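Right, one structure below, let's go through it.
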Amino acid sequence: CEDADREPLSGSVRAQIHLMYAWALLASGDTAAAQREGERAADLDPRDAEVRRDVAELQRENGQSEAAAESAQRSL
């Protein structure tokens with residue numbers, strides 16, 4: 001099988017996939033699921049400031065102001 005020869009996706013690529021899904025969920029109105037997916041992305045790539053910034057925005061959209069402020073601070 002050709003798939004067996006593929007290298008696994010890196011954490012940063014997987015994080016970006018979760019973020020794309022999070023934004024799609026947000027667009028569909030599911031803010032809680034969007035926040036969860038964003039947080040999964042941050043777990044996969046905790047050093048990426050852009051991921052943290054996006055998580056903060058998703059948390060804000062879900063009404064989690066304090067968590068959003070903390071995530072935004074970590075993105076700096």
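From a predicted model like this one, the values you see are computed outputs, not experimental measurements. Starting from 1, each residue takes its place in the sequence as its number.
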Could you give all pairs that pass the salt bridge (charged side-chain N to carboxylate O under 4.0 Å, His left out) test and reach residues 28-40, with sequence neighbours left out?
Glu37-Arg40
side-chain hydrogen bond (donor to acceptor under 3.5 Å, both in side chains) partners of Asn62, counting only residues at least two apart
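Checked Asn62 against side-chain hydrogen bond (donor to acceptor under 3.5 Å, both in side chains); matches are Thr31, Gln35.
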Output all residues satisfying side-chain hydrogen bond (donor to acceptor under 3.5 Å, both in side chains) with Ser12, sequence neighbours left out; order by chain, then residue number.
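Once residues adjacent in sequence are excluded, the partners of Ser12 under the side-chain hydrogen bond (donor to acceptor under 3.5 Å, both in side chains) criterion are Ser10.
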Supply the atom-to-atom distance Leu44 CG to Ile17 CD1, rounded to the nearest 0.5 angstrom.
9.5 Å
Which atom of Leu19 lies closest to which atom of Ala41, heavy atoms considered
CG-CB, 3.7 Å
Ignoring hydrogens and angles, write down the donor-acceptor pairs under 3.5 Å from the side chains of residues 46-56, residues two or more places apart or on other chains.
from	atom 1	to	atom 2	distance (Å)
Asp48	OD1	Glu50	N	2.8
Asp48	OD1	Val51	N	3.2

Which pairs of donor and acceptor atoms, one on a side chain in residues 21-28, lie under 3.5 Å apart (sequence neighbours left out)?
from	atom 1	to	atom 2	distance (Å)
Ser28	OG	Leu25	O	2.7

Name every donor-acceptor pair, under 3.5 Å, that has one atom in a side chain of residues 63-71 and the other anywhere in the protein, sequence neighbours excluded.
from	atom 1	to	atom 2	distance (Å)
Ser71	OG	Gln59	OE1	2.7
Ser71	OG	Ala67	O	3.2
Ser71	OG	Arg74	NH2	3.4

